[in-house]
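Here is the naming used below: chain letters follow the sequence lines, and residue numbers restart at 1 for every chain.
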Amino acid sequence: MTRPLLTVRDLRVSFPIRPSGAMPWTRSRLLRAVDGVDFTLPAGQTLGVVGESGCGKSTLARALIGLVPAKGRAEWIDGADLIGLSPRRMMAYRSQIQMIFQDPLASLNPRMTVGQIIAEPLATHRPDLPRAQIRDRVKAMMDRVGLLPSQINRYPHEFSGGQCQRIGIARALIVEPRLIICDEPVSALDVSIQAQVINLLMRLQADLGLSLIFIAHDLSVVRHISDRVMVLYLGKVMEIASSDDLYSNPQHPYTQALLSAVPVPDPSQDPAARIVPLRGELPSPTDPPSGCVFRTRCPRAAARCAAEVPVLAGSDHQTACHFPGPLTAQEIARARTVEAA
Amino acid sequence: MVIDERKMRSLAARMAQAEVRGRSPWADARRRFFRNKAAMAGLMILVLVALFAIFGGQAAVWSNEELDFSVMGQVATMGAPSWSNGHYFGTDDLGRDLFARTVQGTQISLLVGIVGAGIAVIVGTLYGAVAGYVGGRTDQAMMRLVDILMSIPYMFVLILLLVMFGRSMSMLFLGIGLISWLDMARIVRGQTLSLKNREFIEAARATGVPTWRIITRHVVPNLLGVVAVYATLLVPLMILTESFISFLGLGVQEPLTSWGALISEGAGTMNYGTLWQLAFPLFFFVITLFGFFFVGDGLRDALDPKDR
Ligand code: SF4
């Protein structure tokens with residue numbers, strides 16, 4: 001069996017939170033942004049990561065490229081553990097893992113030309129390359145992502161949002177990485193342009209054999225592009241399964257609630273009849289509920305859910321729930337009445 | 001194969017296309033600035049004042065130290081501005097040519113303003129950018145130091161310095177330089193903090209761009225707008241400070257002079273009918289301040305990122 005590109009085991013990220021105006025001796029509380037995430041990513045595949053904002057998906061991405069300190073293991077295909085690598089040794093992997101950001105314009109330095117922006121990773125990792133060659137590569141890459149190479153001297157503010165995201169993609173691809181982490185790359189774009197960018201990513205992935213970690217807050221975007229999908233809630237994995245399996249046969253109540261909100265193309269179904277509302281607010285991550293973190297909003301929560309932390313169980317389709325399975329009509333009705341009350 | 005060849009050819013054609021020139025944010029700002037009438041008027045004034053300071057000496061008939069004995073003692077009647085005796089701006093109380101004195105005062109005042117603002121720009125920008133970018137305890141310590149220095153009534157300290165160590169130009173520069181960078185450091189730090197969390201900095205860190213390159217290529221160029229605006233507003237502030245000190249009689253020493261010193265002298269003799277002794281230095285002082293404020297305002301409007 002070939003080794004997966006990336007194997008993540010028990011990845012944890014926590015931030016100390018100091019209440020404002022705290023005295024130096026008060027203990028700061030820990031915010032567990034990512035709490036024991038496991039997954040494997042085979043080479044050439046795409047892992048979708050979904051969850052509400054604040055569930056730790058962006059932090060997960062930043063932990064993998066060493067922007068925030070993390071604990072646990074993230075094993076690269078060559079056996080190196082990316083977590084806790086010294087900055088100098090990490091340099092070698094920074095060209096293999098690149099990132100695409102959420103806000104296309106904000107991720108580009110307004111004072112640099114497109115050519116300078118796209119060339120920066122290349123100039124960082126291949127300082128031996130002559131300028132002319134860098135320029136040629138930048139132009140070829142611009143062409144590849146659907147930008148006109150003649151626009152190499154333009155500045156980011158002269159481009160539309162979709163074009164800016166293409167610039168971001170070109171910057172990520174220029175060092176020929178093996179993994180690209182896409183942090184909600186399309187949520188700031190118009191719907192029509194979202195499709196273009198996603199199609200571009202999928203085409204590039206097929207051409208170059210890339211692996212992607214594709215983060216989004218809604219399931220419909222992820223479904224199209226992912227091989228496997230991971231659902232996060234308060235920094236924990238709720239359910240992880242192959243894309244088809246997760247969408248056709250969701251087991252975790254949270255996944256079902258998320259899926260119920262995805263519009264379906266079938267007009268005969270009344271959307272209002274399907275939606276499972278999530279009652280209440282997202283609990284504060286500094287003070288997560290005991291046992292199952294989802295229990296405060298789960299229509300099926302029972303006494304056991306408060307006492308015991310459910311572990312991620314299953315082989316291919318893994319669920320972290322004591323009582324997995326499709327929600328019954330009764331439970332959905334209950335969720336609605338609670339919501340209405 | 002045919003398709004591939006065609007693809008390749010079209011790619012080659014696209015690669016060879018002439019490169020379009022971009023509109024940099026700086027060029028945009030420059031255009032907006034040049035369209036701003038008040039700012040352009042301010043800039044014109046400043047250019048004229050600078051020319052006056054640089055070449056005024058050549059136009060003077062008298063040097064700034066010579067005493068004109070023909071007007072001495074009867075300055076009120078004989079020392080008035082006139083073309084015939086070469087005292088274009090009249091003479092001061094001792095019979096010295098006020099034109100030459102004003103040229104000299106302009107030089108000194110502009111020098112104080114520009115050097116003071118220059119110190120603020122260099123020290124303040126570096127200090128603020130480092131504090132903001134490094135963050136954590138370093139930032140805490142560095143900014144507390146600024147707070148402490150700011151809480152000292154600087155005018156008082158400046159006067160003490162001048163009294164204790166004697167009135168010299170270097171002491172004046174030192175004193176003004178010491179206080180001028182504090183505000184700048186604060187402003188730059190604030191800007192750096194907000195820049196630091198922008199995604200393009202994160203992108204650079206993620207690819208492993210070294211810290212110094214991030215500061216020089218990503219942080220500082222994006223700070224320059226704010227720094228430029230603040231520096232142009234700082235120059236008149238420095239001039240004002242120096243003038244105030246000189247007005248109190250603690251500034252530059254004779255035979256050197258500055259606008260503040262000249263205005264002070266002029267104000268002292270106002271009652272004897274020698275109004276020109278006040279009017280000429282005051283005129284230059286006021287138009288220069290206006291010039292700087294207009295230019296500063298214009299720069300702020302031009303560099304304001306909001307309308308982008
Ligand atoms: S463990 Fe209990 S509370 Fe958590 S999702 Fe399952 S049923 Fe709901």
Are there more than 12 heavy atoms of other residues, nucleotides or ligands under 6.0 Å from atom [atom1] of [X]?
| X | atom1 | answer |
| --- | --- | --- |
| A/R89 | CZ | no |
| B/F290 | CZ | no |
| A/R154 | CZ | yes |
| A/R88 | CZ | no |
| B/M150 | CE | yes |

Inset, instruction - Considering only heavy atoms, give the residues of residues 215-242 of chain B separated from chain A by less than 4.5 Å, sorted numerically, with 'none' for an empty result. - result: B/R217, B/H218, B/P221, B/N222
Legend entry - Chi angles and distances behind the side chain to side chain contact (heavy atoms under 4.5 Å, CB included) call for B/F200, A/M112: CA-CA 11 Å; B/F200 67 84; A/M112 280 160 74; over 6 Å; no
Inset, instruction - Give the minimum heavy-atom separation between B/T207 and A/P121, together with the two atoms involved. - result: CG2-CB, 3.5 Å
Inset, instruction - Identify the heavy atoms of A/R94 and B/A206 that sit nearest to each other, and give their distance. - result: NH1-O, 3.1 Å
Legend entry - Side-chain touch B/R213/A/T124, heavy atoms, less than 4.5 angstrom: yes
Inset, instruction - Anything in residues 176-190 of chain A with a heavy-atom distance to chain B below 4.5 Å? Please list those residues in order. - result: none
Legend entry - Closest-packed option against chain B by number of heavy-atom pairs under 4.5 Å, given A/E120, A/Q151, A/M99, A/M142: A/E120
Inset, instruction - With sequence neighbours left out, write down each residue that passes ring-ring contact (aromatic ring centres under 6.0 Å, His included) with B/Y127, or none if nothing qualifies. - result: B/W181
Can you give each donor-acceptor pair under 3.5 Å made by side-chain atoms of residues 110-119 of chain B, sequence neighbours left out, with the distance rounded to 0.1 Å?
none

Inset, instruction - Give a yes or no on whether the backbone of A/S107 and the side-chain of B/R198 come within a donor-acceptor separation of less than 3.5 Å. - result: no
Legend entry - Structural part of A/I152 lying under 4.5 Å from a heavy atom of chain B: side chain
Inset, instruction - With rounding to the nearest 0.5 Å, note down the distance linking CD1 in B/I201 to CG in A/L67. - result: 12.0 Å
